[in-house]
Every structure is written in C-alpha cells, then in structure tokens.
Amino acid sequence: PATMDANMTGIQIGNIPPCIENHEQQPLMEETPSSGRSVGKVLLVTIFFVLAGAAVLAAVLSRPALTAAQLPLATALYPALTLGEQVDFCIFTHVGNPKMLPDILTYPLEDMVNSEGSRGMIVMYVMSKKEFAMALDYVNVVATAPKTPLPDELAKLHETCQKHMETANKNMQPVNRVRILTPFDLKDSLVSVRHRLGEQEFLKWFGHTTYDAPKFADALLRLRALGNDMPVFRFDIDVLFNKYTKNDISSIKKAVSIGIKDVKKCVDDPYVQTFLVSQQYSAVEASRSKDFNAWNEAYSTRANPAMLATLGTTNASQWKADGGWGHFAPTPDVLQQATDEQTMMEFYGLQKVDGNDVLQPTTPSSSEDAAQRSKENILKLGNAYIGANPSRAVISGAAFSVGPGVSIDMPPFIHTDLNIMWIDDHIFDRLTQEVAGTKRRPRPEGMGTARVVKARSQPFNLAKYTLEIYMPTLIYGIFMDAWVNNHTSSYLLKYRPSEIPKTDALDKEYAKLMASEAMGPWSQALGEVRTHGKMLTDAERKDVKEELWRASCERAKDVYWQWSKLPQPTIDGKPTATFAALWGTGRICQHENLKGYCNIDGFNKLGQGMVTPEWDKQAKDSPSRAKLPALDRSGFNPSLAEKVDQLIEAGIKHIEWTLIWPDVVQAIRDEMVGTVPSDLAYHNPVPVPELGALRDGAAAGGVLIPVIAALGAATRWS
C-alpha cells in the first residue's frame, strides 16, 4: 500500500462508454382491463387477430423451425430487429500490448461480428503481466479505501483503450460491438472477490500474477454471460489478426458459425452435461508434408522438437558467450533442411490416408495382446500416446468454448510461473472428463470441423528457444497428461470411438476406461477434495506428491523410448537426430554445437535434457520400453527435477483453488446486470415498461404487424 500511494495520482477514471445496447425483450401486450370500447372496434380487433394469427400459423407450419442462430433474434422480436441488438456470440482475445491496437483496427472487424446470419461482439482484453499485478495491488487498497485514485499508468492505458474502442465502433452504430477492456474494467468484480476472501486469502490467490492472468478475464466473461444463450469463443491473437485474415476473414466467420452449432449440439444432447469444444488449426495438407511452413502453422504443438539439430539450426550465434540470448534468424533453406517428412509424421502420430486432403491420426494397434499393443502404439501414435492428439484435442486458441457447467465447476489454472503445454485446453478437458465422469460422452461426435490458421512467425534462436523453453514446456504438459489418467491404455480416450479398431480385447479395454471414476493421481485427489469439500491433510498431500512423481517418472520413460526411436535422416553425410531425441535422452552435450550446456556455467541447464547421461547409459541398449531401467528423481536432469517439484506444488495448489472457486464465481456473478463492462446491458438499463391497455384496433395492429415482420425476418421468409 505504501508503494501504491507513491504511485497514485489524482486521476479518477469513470466507466468506459457502453458497448452494447440493452438486450431485453419488451412486453408486446399488457393484459389490463379495456372497458368502454365500442362493439365495432372490438369486432375489428378480433377479426384482425384471427386473420393475422391464421396467417402466422399457416406460415409456421409450412416453414422449417428456427435455427439456433435465429432464436435470439426471434425472441427479442421487434425491438431486436429495430435496434440491431442481436448478439449470438462473443469473441474473446488477449492483446498483450496496446501498441498493437492501431493495426488491429485496420482489420475487417465489422465483418468479423457478422458470421453467416449470426451477429456478435468482440472483447479484446488489453493487459500485460505487470499491469495486472498493478491492478491487483490497487484492488487490495481500494477495498478498504474506495476513493483511492487509479495509478497513473493504468489510467493512461484505460484512456488509450477507450479512444481505440470509440474508433472501432464508428461504423457499427447504434450498437457498439467492439469492446476493448483493461484490468480496471475488472475492478468491481475483483473488489467483490477481495471482500469475500479477505486480505490474506486474496493476496494468497491473486497476489502473484503469472503469464496466465488473462484466463481470469476469460473466465469472468463466461461467468457473466451465463443465463444468456451466447457462447464465448476464445481465439489467440495471432489466429484472429494475421496476414491471412487481413483481407479475408472467412475462416474466422466459419469457425464461429460452426462453433455456434457445436455448442447448441452439446446443449441439446441429454447425455452431455458439461463440455468444452473448439475448432482446429489448419493441419498439414498431404501435398505439403515436406514443407516447414506447413508444419509451423498446423497444430497447437509446435514442430520445433521434431526438427533436426543440424549445424544450421544449432548455429552458435544464438548464444552469447555467457549463455545469454544471441541473435540468430535461420534462413528458409536452413529450416527446410531440418524438416523431414517421416520424422514429423512419427513425432505427431500422423499418416497419409487416401481420400483425405490433410494428414490423419495413425490408427491404434488392433492386436489382441496388451503388451503387443503397447509396443506398437508407443512408436506409431506419437503425441497422442504421451500427450494431446494433434488432430482431435481441443485448442484454446481456435474458437474455444467452455460450457456453463465447466465454467462454474472448474477454475482456470493460473497459479504458476511455469509455461505448461495444453494446460488450458487438452489438460483442462481431460481433467474435467475424469472428475465429472463424462468420458463416455464428453461431447457429440463430429465437433470442431472448421479450421483456422495459427500464423506463427518464423523461429528465432531456434535451438536455444527449443531446448531451454519449449522442451520443458512440452514435458510439463506430458507429465500432467499422465497425472490426469495414467492407465496403460489412456491414449485410447484421445481418439474418436469410430477411429479405434473393434476387437474383443479393445472392447474390454475401452469399457474399463469408461468407468465413472478418475484414473490419475491428480484427478483422483481433486475428485476426493471436491467430494468432501475440504483440502488434503498433510499426510494426504505428501502421498499425492509421491504419486505425481511416480507418474512423471513412468511417463518420462515413455517419452525417452518414443523420442529415442525417431528417424535420424542423413544430413551432410551424418545421421542427424531431432531436438526431441537429443533432449529426451540427455545427449545434448554430445552435439558439437551444444556442448556449452555442459561446459559453461551461464547456460540454462534445462537445456541439457530430460534425464542424466548416466541414466541414458543404462537405458540406451534396452530391447524394449518394458525393459528400461527404473527411473526416479535421481535419474532426472537436476534442473528439470526442481521444475517438476514446482509443477507438483502448482498441481496441489490448484486442488485447493478449486475449493475457493465457488466464492469467486459468486463474487463475479454478484455484480448487478449491466454494471460490468463485459455485460450486454452495460450502462444501458432496461427501460421501465409502459403501462396501460391497447385502446383501439390501430394500436393492436401497430404491435402485431412488427411481430409478423419480425418472425418473417427471423426465418428469412420472402
């Protein structure tokens, strides 16, 4: 607080301008007495209603039912059509730097909010980690001193975003469909959370911000939208705004349109009670499977690990002498040389299938013998065996929509500085299925058929970034995948049932996986805490940590075996391993350009690899995965072992966070409708309904004619 006071200014920021007109249905008729009318007028009104009703009934019987996208329009009837208040969806994205906004406003935003008959809004949340931390400090102060002015830096950010928002909505009047929010717009909700938790608990759960902080804004938006049939679709910023969408937004419009239908299918399915859905990234076209650029933009998991550690990709200029960040931008030729078609397909677990334009997941083994199936699948299924199925897993950046049940029950994972692969999509989805018991039908089949492009930039300092940052990020997600479900056949849950061979053995194995119980140490512990409503005891916490370490070690052996068997194509006369193989086996320092990881103290030791060279010596000649030597913490790279400890602590903290979440949900939902800037009715209060009865036939016709017109427009009748 003392530090905050020094940074405070006299500036007080008011609420941002309204961004959406009120979306409330007005009563069409009031049922009040209407004495004193002449018989002729009554008869005229009666005849009019009968004829109009007959016309409407005949039209309805002769036309198809309203679609999900048309329902909001038909429900609001005349006011919605007149005022343009149709809001069928919301697009949410995080903007990390306000300097990006001028360029973003050059994109066809007006077209983006009109998707094949549906109309929506875009919420851009502008925030850096630093600014969110500042906002949380401010909230902690303002909870007890309401008149405390906003820090100058946040005030300037807010003012900047207001101006850009006004510009964005100039061509969308009278309805403002673009909202550009800052941490200050979350103030009232956060203050409400602070009041419920108290100072100490608030600081415990919100005092340490991480790169994942935007997930809270995403969760707030979804929770505020409950009760209004409007899905929120989360997109990554480089999916919404990139070189492909600059002049052609059709891929985004299609993703939204199909997303609306997918959400409706989930809601309408009586067996789907809690769900997450998304669309997919572009995937690799079979005709481009040798092209680096195709792989670079294809899947949520980057292609970096499967690239070859050539002399070009390991160029020494990407490290400073002390191990710091150098400056190396590989040429297209270097990147292409490091891209091997077969290696990429084996890493991801993909294959070419006649009749399909894009690569398809490899098919799990149909062997009747469990040991033989495991032996085959670990090498043919790639990512799907140890992590996320690249073609089937939900993706948080591709029109990701979280159902209302999940929004209420499952909090976002936001309390760690570690970057964790798949933590807010695949892991989130799998954990929900295990805890909620929805593995039998997590969502209807056939979801997520639209594709958007993840327009990644060309890699920079490729080897250094891959070894020090991306490989640890990937392995954390791989370990957590095992924490969620470490059954020996859990990989089958990552495929559509129709993609799994039908055999007696697989029928029995799949039936076991369908049990309504959690099958991983983390999901089991979370389920127990949710059931009993209290946190683990110290003894239970210790046991869970040990189980999580054991699951990580077993999964690490899977990773070691799979990545060590990836192809090593001959480059410049030498067999050349992938970054995944070198890192997964701890053989980084055997590469002539990577010896600095062992010889120079300043190099980030996470880059040395997953296991120690000593454990690798014991394991490398094993005839099978089943014959690998035992692996425990001592066999891990010490730097990675410390990170696994942090990962486990984060997993335990998330279990406790789940107990706190109901209070947070209530705080977010408690704010009056229309008072939070993400609300549809923000600063547009519902008008007081007019009193009194219809006085004559003309008045009746004045109401009914717009009703008929509204129904006609809603169903596109001529």
Side-chain angles (χ1 to χ4, degrees), residues 13-23 83-116 118-128 131 154-187 214 217-218 220-221 224-225 230-253 255-257 259 397 399 452 455 674 676-684:
I13 302 297
N15 286 325
I16 63 175
C19 297
I20 279 288
E21 304 279 352
N22 174 53
H23 185 56
L83 301 179
E85 292 178 352
Q86 180 187 357
V87 182
D88 307 310
F89 65 88
C90 176
I91 290 173
F92 172 84
T93 193
H94 171 231
V95 181
N97 189 335
K99 293 180 180 179
M100 300 168 66
L101 290 173
D103 182 57
I104 287 174
L105 297 190
T106 66
Y107 283 75
L109 301 181
E110 188 175 1
D111 195 23
M112 191 179 291
V113 298
N114 291 278
S115 295
E116 302 182 14
S118 300
R119 302 200 69 197
M121 54 187 285
I122 303 171
V123 174
M124 289 181 263
Y125 182 51
V126 183
M127 184 212 74
S128 69
E131 289 154 352
L154 290 182
K156 289 179 180 177
L157 173 66
H158 196 76
E159 183 179 359
T160 297
C161 290
Q162 274 189 299
K163 291 178 180 178
H164 286 304
M165 186 167 63
E166 291 171 4
T167 301
N169 284 297
K170 279 183 180 178
N171 297 326
M172 300 190 194
Q173 297 303 324
V175 178
N176 296 330
R177 294 185 176 274
V178 177
R179 303 190 182 188
I180 304 177
L181 309 183
T182 72
F184 179 68
D185 293 307
L186 308 185
K187 186 201 76 172
D218 180 20
L220 182 146
L221 185 63
R224 293 295 299 182
M230 180 192 72
V232 176
F233 297 114
R234 176 178 167 183
F235 284 88
D236 281 352
I237 190 74
D238 57 356
V239 172
L240 277 183
F241 307 113
N242 57 53
K243 61 185 179 182
Y244 303 106
T245 60
K246 187 77 172 181
N247 299 309
D248 181 6
I249 210 75
S250 59
S251 63
I252 303 300
K253 290 160 68 77
V256 169
S257 177
V452 293
V676 177
S678 65
D679 291 351
L680 296 179
Y682 176 62
H683 262 242
N684 290 98

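Only a predicted model underlies this, so the values are computations on that prediction, with no experimental measurement involved.
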Decide if atom CG of Asn247 counts as having more than 12 heavy atoms of other residues, nucleotides or ligands within a radius under 6.0 Å.
no

List the atom of Met165, the atom of Ile180, and the distance in Å for their closest heavy-atom pair.
SD-N, 3.3 Å

Side-chain (Arg177) to main-chain (Gly120) donor-acceptor, under 3.5 angstrom
yes

What is the ring orientation for Phe233 with Phe89, classed by angle as parallel under 30°, tilted 30 to 60°, or perpendicular over 60°?
tilted

Taking ring pair (Phe, Tyr, Trp, His ring centres under 6.0 Å) as the definition, give me every residue that meets it alongside Phe241, ordered by chain and number, with sequence neighbours left out.
Tyr107

Counting C-beta onward and ignoring hydrogens, is there a side-chain heavy-atom pair between Thr106 and Lys246 closer than 4.5 Å?
yes

Between Met121 and Val123, which heavy-atom pair has the shortest distance, and what is it?
CE-CG2, 3.8 Å

Taking every non-hydrogen atom, the tightest pair across Ile252 and Ile91:
CG2-CD1, 4.4 Å

Is there side-chain contact between Cys90 and Leu221, with at least one heavy-atom pair below 4.5 Å?
yes

Check whether any side-chain N or O of Lys243 sits under 3.5 Å from a backbone N or O of Ala455 as a donor-acceptor pair, and report yes or no.
no

Please test Phe184 against Leu154 for side-chain contact (heavy atoms from CB on, under 4.5 Å), starting from the C-alpha separation and ending with a verdict.
CA-CA 7 Å; Phe184 179 68; Leu154 290 182; 5.6 Å; no

Could you go through the salt bridge (Lys or Arg N to Asp or Glu O under 4.0 Å) check for Glu166 and Lys170 one step at a time?
CA-CA 6 Å; Glu166 291 171 4; Lys170 279 183 180 178; over 6 Å; no

Sequence neighbours excluded, which residues qualify as salt bridge (charged side-chain N to carboxylate O under 4.0 Å, His left out) partners of Lys187?
none

Rounded at 0.5 Å granularity, tell me how far CG in Asn114 sits from CD1 in Ile249.
11.5 Å

How close do Ile237 and Ile104 get, heavy atom to heavy atom, and via which atoms?
CD1-CD1, 3.9 Å

Does anything in residues 91-102 pair up under salt bridge (charged side-chain N to carboxylate O under 4.0 Å, His left out), and if so which pairs, sequence neighbours excluded?
none

Is any side-chain heavy atom of Glu131 closer than 4.5 Å to one of Thr182?
no

Keeping Asp248 on the side-chain end and Ser250 on the backbone end, is there a donor-acceptor pair under 3.5 Å?
yes

Smallest heavy-atom separation, His164 atom then Pro102 atom, equals CE1-CG, 3.7 Å

Kindly give the heavy-atom pair with the smallest separation between Met230 and Val87, and that separation in Å.
SD-CG1, 3.4 Å

Counting distance only, does the side-chain N/O of Asp103 pair as donor-acceptor with the main-chain N or O of Met100 below 3.5 Å?
no

Report yes if some heavy atom in the side chain of Met112 is under 4.5 Å from a heavy atom in the side chain of Thr245; otherwise report no.
no

Is the shortest heavy-atom distance from the side chain of Leu157 to the side chain of Pro183 under 4.5 Å?
yes

With the side chain counted from C-beta on, respond yes when Val676 and Leu220 share a heavy-atom pair under 4.5 Å apart, and no when they do not.
yes

Any side-chain heavy atom of Val113 within less than 4.5 Å of one from Ile122?
yes

d(Thr93 OG1, Leu240 CG) to nearest 0.5 Å is 5.0 Å

With heavy-atom distances below 4.5 Å as the criterion, would you say the side chains of Asp185 and His158 are in contact?
yes

For the side chain of Ser257 and the backbone of Lys253, is there at least one donor-acceptor N/O pair under 3.5 Å apart?
no

